[in-house]
**Student:** 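Once you've had a glance at the structure underneath, I'll fire off some questions.
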There are 2 protein chains.
Amino acid sequence: MDAKDRQIIRALQANGRMTNQDLAAEVNLSPSPCLRRLRNLEDSGTLRGYSAEVDAKAYGLPITVFVRIRLERHNEDDVRRFESRIHAIDEVLECHVLTGASDYQLRVVVPGLDAYEDFIRHRIHPIGGIASIDTSFVYSTVKKTNVFPVID
Amino acid sequence: MDAKDRQIIRALQANGRMTNQDLAAEVNLSPSPCLRRLRNLEDSGTLRGYSAEVDAKAYGLPITVFVRIRLERHNEDDVRRFESRIHAIDEVLECHVLTGASDYQLRVVVPGLDAYEDFIRHRIHPIGGIASIDTSFVYSTVKKTNVFPVID
DNA sequence: CCCATATTGGCAGATAATGCCAAAATTTCA
DNA sequence: TGAAATTTTGGCATTATCTGCCAATATGGG
């Protein structure tokens with residue numbers, strides 16, 4: 001992982017579908033070594049994959065919610081149970097374990113407020129062992145980038 | 001936006017760099033109409049772009065933080081000032097306006113705890129007009145997907 | 001049931017990816 | 001410092017993919 005690899009990474013974070021030729025031009029390499037570096041980053045797991053960025057509203061999911069959840073008990077069984085149940089819920093796009101007052105933060109997308117109520121009542125509460133749920137709806141997004149800052 | 005378009009979107013959320021031929025095969029179309037639908041989704045802004053998913057730790061940014069910030073005043077000038085300053089900070093990958101106790105939630109990546117202290121002291125505090133800052137470090141990530149749930 | 005419109009599939013020329021080999025650059029060790 | 005060993009690079013030829021055009025098929029309205 002040198003500066004050139006990080007340059008390749010940032011270029012692909014900005015445009016994940018750019019051709020290898022364009023990528024090579026952007027990082028001042030010829031296509032062959034550029035492609036070899038790219039494959040190395042993929043094979044090593046540094047580059048986990050590629051994804052389309054989609055307008056959730058246009059797709060039909062206008063509501064994004066950050067949900068913070070604290071569990072009543074933190075024994076291994078309850079934690080594993082909660083996490084495996086979370087995994088199975090399609091509306092949950094992200095779930096992180098956090099420091100601070102809450103245990104988990106989820107990012108959830110739903111078609112409407114009624115669907116969010118359904119989600120909490122029929123997907124989250126039935127898991128059991130939940131001490132508290134704190135809901136924050138996203139009004140708007142001020143900034144969203146996938147490109148990491150330059151380091152070194 | 002029909003079921004086929006949503007199928008295309010989900011396929012590209014799962015693998016943003018798949019070839020048009022593979023995409024066409026996955027959604028049961030031949031390459032030409034598939035490409036035409038794809039371009040329409042891009043041109044309409046539904047497909048905003050494509051991005052590489054990167055292991056932040058392998059890149060050199062092992063610390064991810066969610067920061068919740070409340071402003072002292074909410075007049076137009078202070079809000080615009082805050083948001084434009086946030087835009088210019090490379091470590092801030094996301095900034096959302098939220099309902100609930102806080103005004104903003106940021107996702108920030110840094111190389112270490114010292115860099116986070118620097119970020120708060122030299123990037124956030126100097127903006128001024130900040131009532132409170134609540135920091136939650138990400139211990140681990142239980143789930144992370146880009147693929148939207150199937151709807152309709 | 002038929003017509004107008006939208007969508008699809010196949011084909012051909014242009015563009016891009018990929019594996020191989022020699023040349024250049026970098027590192028290692030005396 | 002200098003020379004060998006290793007790594008990385010660039011160019012080329014083959015293979016695969018993209019993309020624009022046209023006829024054929026499917027869809028929806030009267």
Side-chain angles (χ1 to χ4, degrees), chain A residues 1-61 111 145-152, chain B residues 1-61 111 145-152:
Chain A
M1 169 66 60
D2 58 9
K4 196 71 76 178
D5 283 334
R6 280 190 280 270
Q7 222 184 327
I8 289 173
I9 284 171
R10 289 194 302 274
L12 287 170
Q13 284 177 325
N15 178 8
R17 238 175 129 79
M18 81 197 304
T19 67
N20 181 57
Q21 297 201 354
D22 290 348
L23 179 61
E26 185 150 331
V27 303
N28 295 108
L29 279 177
S30 70
S32 316
C34 187
L35 186 65
R36 199 144 357 107
R37 278 171 178 273
L38 177 54
R39 295 292 178 247
N40 285 342
L41 290 167
E42 288 171 349
D43 295 346
S44 70
T46 301
L47 264 161
R48 291 225 184 81
Y50 305 89
S51 181
E53 264 192 285
V54 182
D55 181 334
K57 196 165 162 187
Y59 178 91
L61 295 167
T145 180
N146 299 298
V147 183
F148 284 164
V150 177
I151 57 175
D152 289 357
Chain B
M1 169 69 58
D2 58 8
K4 196 70 79 177
D5 283 334
R6 280 189 281 269
Q7 225 183 326
I8 289 173
I9 284 170
R10 288 194 302 274
L12 287 171
Q13 285 177 323
N15 179 8
R17 237 176 130 80
M18 79 196 305
T19 67
N20 182 58
Q21 296 199 356
D22 291 348
L23 179 61
E26 184 151 330
V27 304
N28 296 109
L29 280 176
S30 71
S32 317
C34 186
L35 186 66
R36 198 136 9 101
R37 278 173 178 271
L38 178 52
R39 295 290 179 247
N40 284 342
L41 289 167
E42 288 171 348
D43 295 347
S44 71
T46 301
L47 265 161
R48 291 225 184 83
Y50 304 89
S51 181
E53 265 192 285
V54 182
D55 181 334
K57 195 166 161 186
Y59 178 91
L61 296 167
T145 181
N146 299 297
V147 183
F148 285 163
V150 178
I151 58 175
D152 292 357

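Throughout, protein chains are lettered first and strands after them, A, B, ... in sequence-line order, and every chain is numbered starting at 1.
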**Student:** Determine which pairs satisfy ring-ring contact (aromatic ring centres under 6.0 Å, His included) with at least one residue from residues 14-40 of chain A, sequence neighbours left out, and list them in order.
**Tutor:**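 Checked against ring-ring contact (aromatic ring centres under 6.0 Å, His included) - neighbours excluded - no pair reaches residues 14-40 of chain A.
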**Student:** Would you mind writing out the side-chain donor-acceptor pairs for residues 28-36 of chain B within the sub-3.5 Å range, not counting sequence neighbours?
**Tutor:**
none

**Student:** Not counting sequence neighbours, which residues clear side-chain hydrogen bond (donor to acceptor under 3.5 Å, both in side chains) with B/D43? List them please.
**Tutor:** none
**Student:** Detail all sub-3.5 Å separations between protein N/O atoms and N/O atoms belonging to nucleotides 23-25 of chain D.
**Tutor:**
none

**Student:** Identify, with sequence neighbours excluded, every residue that meets side-chain hydrogen bond (donor to acceptor under 3.5 Å, both in side chains) alongside B/Q7.
**Tutor:** none
**Student:** Which pairs pass ring-ring contact (aromatic ring centres under 6.0 Å, His included) with one or both residues in residues 3-52 of chain A, sequence neighbours excluded?
**Tutor:** none
**Student:** Suppose we screen for side-chain hydrogen bond (donor to acceptor under 3.5 Å, both in side chains). Which residues come up paired with B/Q13, at least two apart in sequence or across chains?
**Tutor:**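 With neighbours one apart ignored, the set is empty.
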**Student:** Check side-chain hydrogen bond (donor to acceptor under 3.5 Å, both in side chains) between A/R48 and all other residues, then give those that pass, not counting sequence neighbours.
**Tutor:**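 Scan of A/R48 (side-chain hydrogen bond (donor to acceptor under 3.5 Å, both in side chains), adjacent residues dropped) gives none.
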**Student:** Send over the distance from A/I8 CD1 to D/dT8 P, rounded to a whole Å.
**Tutor:**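 Taking atom P of D/dT8 as the reference, CD1 of A/I8 is at 12 Å.
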**Student:** So, B/R6 side chain and B/P149 main chain: donor-acceptor pair closer than 3.5 Å or not?
**Tutor:**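 Between the backbone of B/P149 and the side chain of B/R6 there is no qualifying donor-acceptor contact (under 3.5 Å).
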**Student:** Check each residue of residues 19-28 of chain B for a non-hydrogen atom within less than 4.0 Å of any atom in DNA chain D, then write out the ones that pass by number, or none.
**Tutor:** B/T19, B/N20, B/Q21
**Student:** Bend across the helix from C/dC1-D/dG30 to C/dA30-D/dT1, to 10°, with axes taken over 5 pairs at each end?
**Tutor:** 50°
**Student:** Return yes when atom NZ of B/K57 has more than 12 non-hydrogen atoms of other residues, nucleotides or ligands closer than 6.0 Å, and no otherwise.
**Tutor:** no
**Student:** What's the separation between atom CG in B/N40 and atom CD1 in B/I8, rounded to the nearest 0.5 Å?
**Tutor:**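 Answer for the CG-CD1 pair, B/N40 versus B/I8, is 9.5 Å.
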**Student:** For the CD1 atom of A/I9 and the CZ atom of A/F148, what is their distance to the nearest 0.5 Å?
**Tutor:**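 Those atoms lie 8.0 Å apart.
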**Student:** Rounded to the nearest angstrom, tell me the gap between atom CE in A/M18 and atom P in D/dC18.
**Tutor:**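 Atom-to-atom, A/M18 to D/dC18, this comes out as 17 Å.
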**Student:** State which residues pass salt bridge (charged side-chain N to carboxylate O under 4.0 Å, His left out) with A/R37; sequence neighbours excluded, sorted by chain then number.
**Tutor:** A/D2, A/D5
**Student:** Can you check the A/L29 CG to C/dA24 C1' distance for me, whole Å?
**Tutor:**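 Rounded to whole Å, this separation is 14 Å.
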**Student:** Could you state the NZ-C1' distance from B/K4 to C/dA6, rounded to the nearest angstrom?
**Tutor:** 15 Å
**Student:** Looking only at heavy atoms, which two atoms of B/L61 and B/P111 are closest? And how far apart?
**Tutor:** CD2-N, 3.8 Å
**Student:** Quick one, which residues of residues 30-53 of chain B touch DNA chain D with a heavy atom under 4.0 Å?
**Tutor:**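 Output list: B/S32, B/L35, B/R39.
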